[in-house]
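Shown next, in structure tokens, is the structure this report addresses.
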Amino acid sequence: MTRISLTRLPGDRVLAVDAGLEHVIELADLSAYVEGREPDGPRWVWDDTARWYPPLLEAGIRVERCHDLRLGRQLLRRAPAADASLLVAEESEHWDRLRPAVPSDPALFSVDDSTEHLRADLEDARQRAAVAASSEAPRLGLLLAAESAGALVAAEMTHTGVPWRTDIHERLLGEQLGPRPPRGARPVLLEALAGEVRSALAAPGLNPDSRPELLGALRRAGVEVPDTRASTLRAVEHPAVVPLLRYKQLAHLFSTNGWAWADQWVKDGRFRPSYQPAGSITGRWSSNGGGALSFPVQVRPAAVADDGWVFVVADVAQLEPRVLAGMSGDRALAKAAQGTDLYQGMVDDGAVGSRNDAKLGLLGAMYGATSGESGRMVAGLTRRYPAAFGLVEEAARAGERGLGVRTLLGRGCPPLGEASTTDVDTARADPESETRRRRSYGRFSRNFVVQGTGAEWALCWIADLRNRLWRLGAGPVEARPHLVFFLHDEVVVHTPAHLADVVVAEASHAAAAAGALLFRQLSIDFPLNTSIVRSYADAGKPGSVPGADVTPGR
DNA sequence: AGCGCGGGCGCC
DNA sequence: AAAGGGCGCCCGCGCT
């Protein structure tokens with residue numbers, strides 16, 4: 001396959017290396033160059049998709065494949081199956097220091113620092129050599145491709161944004177909080193609740209946002225609580241509790257998804273959060289702006305498809321237990337995973353008495369619960385599903401011994417110490433703390449293998465779905481069915497209404513393809529819950545894993 | 001005034 | 001004896 005690497009040169013020029021041939025292009029001509037070469041289906045190689053792709057999308061250009069050198073390097077440096085020394089070169093330090101570009105900061109056209117003109121073709125050669133020399137070249141190659149495809153998806157979703165009805169959002173805010181307050185002031189309905197709390201506690205000057213003040217006022221009113229969490233307060237009988245809980249809820253809405261949030265993240269009828277592919281240690285995405293990871297239920301009604309368009313919302317039921325079944329090759333668990341409800345499958349299998357017990361046991365195994373109800377379920381289920389439960393148990397033991405673990409496709413986890421928040425020297429001096437630290441790393445490792453492989457499945461899913469959606473229409477990305485949101489195990493596709501059923505089918509096909517790609521030896525079902533809706537708020541919200549007991553649908 | 005921290009919350 | 005993973009964001013607070 002053709003690879004074309006792009007490197008920024010001083011003076012608004014770009015070096016393109018295409019099959020060893022160097023071309024120097026004016027930056028202004030880059031879009032035309034990419035557009036002209038794209039029909040050959042090359043893999044574009046660049047330092048950071050978030051730097052190169054947004055301007056191309058602005059110009060109406062979509063690329064099919066890329067290799068993101070920053071993500072690739074990050075992965076290969078930590079992958080147990082790769083020899084990181086093959087990545088060492090004169091420019092190493094600069095490559096290692098590369099930080100993700102953020103959409104608000106179009107570094108492609110401005111900054112001129114030491115990381116600006118690193119030769120993409122040379123780094124590409126190093127990374128390819130590292131993959132080729134690996135004993136697991138195919139898996140690493142797949143992982144790099146999936147990771148890079150994810151980066152394309154992220155840039156496209158930020159480009160298109162989630163259709164957003166500011167009028168509905170503001171109506172919601174108005175109903176719950178009152179009119180938009182002047183800067184620095186509380187909305188009237190929030191202030192009214194603060195007043196109720198103050199009088200119920202006989203604390204006229206109380207600022208309910210201050211924990212020390214609140215704790216003090218509660219104590220003086222005869223309420224002894226260790227903290228001010230909602231779950232703690234709910235168990236307390238006192239007239240202040242009801243308005244206080246409501247205050248907390250509305251204060252969160254006001255500060256996190258209120259008017260100021262909309263000013264910053266909603267423009268031209270689109271909510272554009274910023275995604276960071278592989279932003280978390282396990283390979284899951286994170287977000288560095290807009291709060292894409294907590295798209296709160298409270299404001300979802302404002303996400304409404306354009307006229308004549310709809311959303312297809314799809315999520316995977318119990319992604320991580322299914323992934324665990326696949327990667328461990330546990331035939332019994334794979335059998336329970338046939339059909340739409342893995343937990344019910346376990347009940348039908350006779351492994352466990354109830355759906356809830358099944359869920360408790362699996363979550364416990366993946367998170368490292370060993371006590372309480374969850375811990376007891378783990379013990380019982382280990383006998384029934386030895387391969388699956390053994391895999392996470394083994395990962396936990398490796399972690400406790402300070403050994404690294406890896407995902408199915410070969411992502412490595414950071415060594416003990418780096419991943420822990422505990423101060424290493426303190427821990428050394430204190431054996432109990434050291435034990436806690438190792439246990440904690442064990443739980444982290446246990447979860448890493450499943451969460452990380454789940455993230456790999458999801459990447460394969462959206463990478464394939466992206467291409468399937470592209471083929472359903474014509475014109476630029478936003479004129480065809482396209483992804484507008486992705487969160488761990490859920491996608492939202494914005495599509496012309498007449499294609500909705502086709503999109504639903506494609507989402508399922510992509511899920512099946514991702515499963516087949518990752519788990520060749522054992523067929524695993526990845527059923528989707530899908531809804532076709534006008535507003536995101538109307539999508540069904542079936543329980544998924546983890547996250548447990550979401551109230552079922554509406 | 002600006003920074004880092006931790007509590008508290010919300011998402012999976 | 002007890003032992004639940006990954007994130008981001010907001011706030012108040014204590015520090016410089």
Side-chain angles (χ1 to χ4, degrees), chain A residues 186 207-215 225-233 244-245 247-258 260-261 264-265 273-276 278-300 315-320 324 359-375 377-378 392 395-396 399-400 405 413-414 419-421 432 435-452 454-455 458 485-491 541-550:
Chain A
R186 282 196 187 96
N207 170 14
D209 292 328
S210 165
R211 264 167 289 127
E213 280 187 40
L214 188 54
L215 273 177
V225 281
D227 54 62
T228 63
R229 279 179 219 150
S231 57
T232 305
L233 293 171
L244 182 52
L245 290 175
Y247 176 88
K248 279 168 163 283
Q249 190 188 10
L250 289 185
H252 187 263
L253 171 65
F254 173 56
S255 62
T256 307
N257 294 102
W261 172 84
Q264 188 175 2
W265 299 107
S274 158
Y275 298 91
Q276 202 175 312
S280 89
I281 295 171
T282 58
R284 274 188 174 183
W285 291 14
S286 65
S287 123
N288 55 4
L293 272 71
S294 52
F295 199 136
V297 174
Q298 279 174 301
V299 296
R300 283 188 191 187
D315 78 340
V316 193
Q318 307 126 355
L319 171 61
E320 289 175 354
L324 176 58
K359 180 190 280 188
L360 275 175
L362 266 173
L363 290 178
M366 293 188 298
Y367 292 161
T370 51
S371 70
E373 215 179 330
S374 187
M377 296 314 309
V378 172
V392 284
E400 286 179 14
V405 295
C413 90
S420 165
T421 50
E432 278 185 40
T435 302
R436 273 198 303 276
R437 196 169 71 100
R438 289 188 172 276
R439 293 259 163 85
S440 161
Y441 190 66
R443 285 190 302 277
F444 163 73
S445 305
R446 171 195 293 276
N447 186 250
F448 178 90
V449 295
V450 181
Q451 190 184 114
F485 190 67
F486 165 62
L487 183 57
H488 308 322
D489 62 359
E490 173 174 10
V491 295
K541 295 189 217 45
S544 61
V545 171
D549 308 272
V550 201

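The shown structure was predicted, so the numbers you read here are calculated from the model rather than taken from an experiment. Letters go in sequence order (proteins before strands), and every chain restarts at 1.
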Heavy atoms only, 4.0 Å cut-off, all strands: where does A:Ala292 land among base, sugar-phosphate and nothing?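 Since no nucleic acid heavy atom lies under 4.0 Å of A:Ala292, the category is nothing.
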
Sugar-phosphate only, base, or nothing, as touched by A:Gly289 at under 4.0 Å among non-hydrogen atoms: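 Result for A:Gly289 = sugar-phosphate.
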
Side chain of [X] - closest among [options]:
X: A:Asp209; options: C:dC10, C:dG12, B:dC12; value: C:dG12
X: A:Ser255; options: C:dC10, B:dC12, C:dG5; value: C:dC10
X: A:Asp227; options: C:dG4, B:dG8, C:dG6; value: B:dG8
X: A:Val297; options: B:dC11, B:dG10, C:dC10; value: B:dC11
X: A:Asn207; options: C:dG4, C:dG12, C:dG8; value: C:dG12

Compare every heavy atom of [Y] with every heavy atom of [X], then report the nearest pair and how far apart it is.
X: A:Leu293; Y: A:Ser286; answer: CD1-C, 3.6 Å
X: A:Gly368; Y: A:Arg443; answer: O-CD, 4.0 Å
X: A:Pro414; Y: A:Ile281; answer: CD-CG2, 3.3 Å

Does a donor on one side chain sit under 3.5 Å from an acceptor on the other, for A:Asn207 and A:Glu213?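 There is no such pair (donor and acceptor under 3.5 Å, judged by atom type) between the side chains of A:Asn207 and A:Glu213.
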
Ignoring backbone atoms, test whether [X] places a side-chain nitrogen or oxygen under 4.0 Å from the OP1 or OP2 oxygen of [N].
X: A:Ser210; N: C:dG12; result: no
X: A:Lys248; N: B:dG8; result: no
X: A:Thr228; N: B:dG8; result: yes
X: A:Arg229; N: B:dG8; result: yes

Under 3.5 Å donor-acceptor, A:Trp285 side chain and A:Leu487 backbone: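 Flag not set: sc A:Trp285 to bb A:Leu487 has no pair under 3.5 Å.
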
Between the side chain of A:Thr256 and the main-chain N/O of A:His252, is any donor-acceptor distance below 3.5 Å?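 Side chain of A:Thr256 to backbone of A:His252: a pair is present.
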
Along DNA chain C (nearest heavy atom to each residue), the more 5'-positioned of A:Ser294 and A:Arg443: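 Closest to the 5' end, via its nearest nucleotide, is A:Arg443.
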
In which ranges does DNA chain C form stems of 3 or more consecutive Watson-Crick or G-U pairs, distances under 3.5 Å?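 Counting only runs of 3 or more consecutive pairs, the stems involving DNA chain C are B:1-12 with C:5-16.
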
Take atom CD of A:Glu213 and atom P of C:dG14, then tell me their distance rounded to the nearest Å.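 Roughly 11 Å, once rounded to whole Å.
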
Measure NZ/A:Lys359 against C1'/B:dC12 and give the value in whole Å, please.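 The answer, rounded to whole Å, is 13 Å.
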
